[in-house]
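Each remark here refers to the structure printed beneath this line.
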Amino acid sequence: MMKFNITSRKNPIVGQVNDIRSKPSEEAFLLQGEKFIYDIDPSDIKMLFVTDELKHEALIAKLSDTAKLFVVTPEVMEKLSGTVSASTLLAVVRKTRPPMPRKLILLDCVQDPGNVGTVVRTAKAFGFGVICGGGADPFSEKSVRSSAGACLTTYVRKVPMIETVEALKKQGYKIYGTALDQYSCELEAAAADFGERVAFIIGSEGKGMSPKLYSMCDKTLYIPIEGVESLNAAVAAGIIMYRASLK
């Protein structure tokens with residue numbers, strides 16, 4: 001482990017963290033808060049920023065040899081965290097990629113990072129993986145917070161959706177879209193045919209699935225509802241994942 005001290009908000013490392021905040025990826029995204037950071041595998045931490053080294057000495061002792069520790073002033077931490085809260089811990093982490101599961105949720109340009117994070121958290125609960133095509137980044141700070149850290153241990157990718165669906169079909173996945181039209185099958189009726197390899201496409205909040213993806217589906221389904229026109233994207237995904245997880 002390498003150790004550095006930062007006392008200036010103009011230090012280049014501060015700019016590097018802001019770049020990661022604006023363009024997160026599987027290899028480098030931000031995690032804030034003791035609860036989340038203490039719960040992850042310390043080997044996933046690339047950079048750790050603390051204002052109180054003694055307070056976090058147990059965590060620091062577990063960092064990998066390649067990790068970098070930065071002891072910063074409260075003013076620098078405020079700049080790093082983008083908040084005036086009394087944060088004492090921030091990490092740049094990498095995501096380990098577990099094997100792709102047999103059940104997937106495909107998010108087609110879902111825009112709300114809170115929805116994306118909630119889908120990832122629910123996917124963790126029901127043994128699903130999540131693939132995002134466009135829309136909110138699953139590794140943005142809001143998505144990561146909404147996932148309650150589940151993004152670190154769940155299969156999560158952000159890749160072009162059309163090519164992904166083509167590849168999944170070649171691997172034997174059955175592709176289900178979600179749509180409200182005369183050709184769609186009610187969720188419960190469709191469940192008997194889900195099979196072992198299955199992927200469900202959840203369209204964007206405003207437009208639903210793209211026409212191209214719609215044409216690629218083996219079948220479309222809907223969740224019967226009353227009193228409202230549609231469900232929140234994360235809620236719909238959660239209902240589908242729960243039903244698909246039943247034996």
Note to self: Quick test of your reading of the model: are K103 and E196 salt-bridged, counting only N-O distances below 4.0 Å?
What the structure shows: no
Notebook entry, point to check: Okay, side chain of Q111, backbone of C109: is any donor-acceptor separation there less than 3.5 Å?
Noted result: yes
Next item on the list: Show the numbers, then the answer: is there a side-chain contact (heavy atoms from CB on, under 4.5 Å) between N115 and N232?
Entry: CA-CA 8 Å; N115 280 339; N232 170 276; 3.1 Å; yes
Note to self: One pair to check against salt bridge (Lys or Arg N to Asp or Glu O under 4.0 Å): R21 and E141. What are the steps and the verdict?
What the structure shows: CA-CA 7 Å; R21 172 175 285 112; E141 289 182 278; 2.5 Å; yes
Item checked: CE-CG distance between M1 and L48, expressed to the nearest 0.5 angstrom -> 9.0 Å
Check: Would L187 and Y222 satisfy side-chain contact (heavy atoms from CB on, under 4.5 Å), going step by step from the backbone distance to the final call?
Finding: CA-CA 6 Å; L187 173 61; Y222 70 93; over 6 Å; no
Margin query: Once rounded to the nearest 0.5 Å, what's the spacing between atom CZ of F36 and atom CG of L90?
Written below: 13.0 Å
Next item on the list: Answer yes if I223 and L107 sit in the same cluster of Ile, Leu, Val, Met, Phe, Trp and Tyr residues linked by side chain heavy atoms under 4.5 Å apart, and no otherwise.
Entry: yes
Check: Roughly how far apart are R9 CZ and L80 CG, rounded to 0.5 Å?
Finding: 9.0 Å
Checklist line | Flag side-chain contact, heavy atom, 4.5 Å: F4 against L69 | finding: no
Check: Same hydrophobic cluster for Y155 and I105, using side-chain heavy-atom links shorter than 4.5 Å among ILVMFWY?
Finding: no
Next item on the list: Using the test side-chain hydrogen bond (donor to acceptor under 3.5 Å, both in side chains), find all partners of E27 that sit at least two apart in sequence or belong to another chain.
Entry: none
Margin query: Please tell me whether L63 and L54 are part of a single hydrophobic cluster in this structure, the criterion being side-chain heavy atoms less than 4.5 Å apart.
Written below: no
Note to self: With rounding to the nearest 0.5 angstrom, report the NZ to NE2 distance, K62 to H56.
What the structure shows: 13.5 Å
Note to self: Would you say that T153 contacts T96 through its side chain, given a criterion of any heavy-atom pair below 4.5 Å between the two side chains?
What the structure shows: no
Check: Where do R94 and L152 come nearest, in terms of heavy atoms and distance?
Finding: O-CD2, 4.1 Å
Next item on the list: Provide the closest heavy-atom pair for C151 versus F29 in the form atom of the first, atom of the second, distance.
Entry: SG-CE1, 4.1 Å
Notebook entry, point to check: In terms of side-chain heavy atoms, does S184 have a donor or acceptor partner in D181 at a distance below 3.5 Å?
Noted result: yes
Note to self: With a 4.0 Å cut-off on N to O distance, would you call E188 and R243 a salt bridge?
What the structure shows: yes
Next item on the list: Please confirm whether the backbone N or O of V156 pairs with a side-chain atom of T154, one donor and one acceptor, at under 3.5 Å?
Entry: no
Check: L89 versus L59: any side-chain heavy-atom pair under 4.5 Å?
Finding: yes
Margin query: For a 4.5 angstrom cut-off between non-hydrogen side-chain atoms, does D112 reach V116?
Written below: no
Next item on the list: Could you verify whether a donor N or O on one side chain and an acceptor N or O on the other, from S143 and S146, lie under 3.5 Å apart?
Entry: no
Checklist line | Side-chain heavy atoms of T7 within contact of V76, under 4.5 Å | finding: no
Notebook entry, point to check: For the residue pair C217 and I201, what are the closest heavy atoms and their distance?
Noted result: SG-CD1, 3.9 Å
Item checked: Heavy-atom closest pair, residues I45 and A67 -> O-CB, 3.6 Å
Margin query: Under 4.0 Å between a side-chain nitrogen and a carboxylate oxygen: does that hold for R97 and E26?
Written below: yes
Next item on the list: Taking all non-hydrogen atoms of both residues into account, name the closest pair between G129 and P101 and its distance.
Entry: N-CG, 3.3 Å
Next item on the list: Verify the neighbour count for atom CD of E226: are there more than 12 heavy atoms of other residues, nucleotides or ligands below 6.0 Å?
Entry: no
Next item on the list: Output yes when D193 and K219 qualify as a salt bridge under the 4.0 Å nitrogen-oxygen rule, no when they do not.
Entry: yes
Margin query: Would you call the rings of Y242 and F126 parallel, tilted or perpendicular, taking 30° and 60° as the class edges?
Written below: perpendicular
Checklist line | Between OG1 on residue T73 and CG on residue N5, distance to nearest 0.5 Å | finding: 10.0 Å
Next item on the list: Could you walk me through whether V92 and Q16 pass side-chain contact (heavy atoms from CB on, under 4.5 Å), step by step?
Entry: CA-CA 10 Å; V92 173; Q16 185 177 338; over 6 Å; no
Next item on the list: For atom OH of Y183, decide whether the heavy atoms of other residues, nucleotides or ligands shown that lie under 6.0 angstrom number more than 12.
Entry: no
Checklist line | Heavy-atom closest pair, residues M209 and G177 | finding: SD-CA, 3.7 Å
Next item on the list: Anything under 30° is parallel, anything over 60° is perpendicular, the rest tilted; go ahead and classify F200 against F194.
Entry: perpendicular
Margin query: How long is the straight-line distance from CD1 of I175 back to CG of L104, given to the nearest 0.5 Å?
Written below: 8.0 Å
Notebook entry, point to check: Hey, are D218 and K169 close enough for a salt bridge, meaning a charged N less than 4.0 Å from a carboxylate O?
Noted result: yes
Notebook entry, point to check: Is any side-chain N of the basic residue among K55 and E34 closer than 4.0 Å to the acidic one's carboxylate O?
Noted result: yes
Margin query: Is there a side-chain contact (heavy atoms from CB on, under 4.5 Å) between K68 and F49? Walk through the geometry before answering.
Written below: CA-CA 9 Å; K68 296 179 180 179; F49 297 85; over 6 Å; no
Notebook entry, point to check: So, do L213 and V165 sit near enough that their side-chain heavy atoms are less than 4.5 Å apart?
Noted result: yes
Next item on the list: Side-chain contact test, heavy atoms from C-beta onward, threshold under 4.5 Å: evaluate it for M47 versus I13 and give yes or no.
Entry: yes
Margin query: Under 4.5 Å between side-chain heavy atoms, counting indirect links through other Ile/Leu/Val/Met/Phe/Trp/Tyr residues: same cluster for L106 and F128 or not?
Written below: no
Next item on the list: Answer with yes or no whether the hydrophobic clustering places V130 together with V159; edges join I, L, V, M, F, W, Y residues whose side-chain heavy atoms lie under 4.5 Å apart.
Entry: no
Checklist line | E53 and K3, any side-chain heavy atoms less than 4.5 Å apart | finding: yes
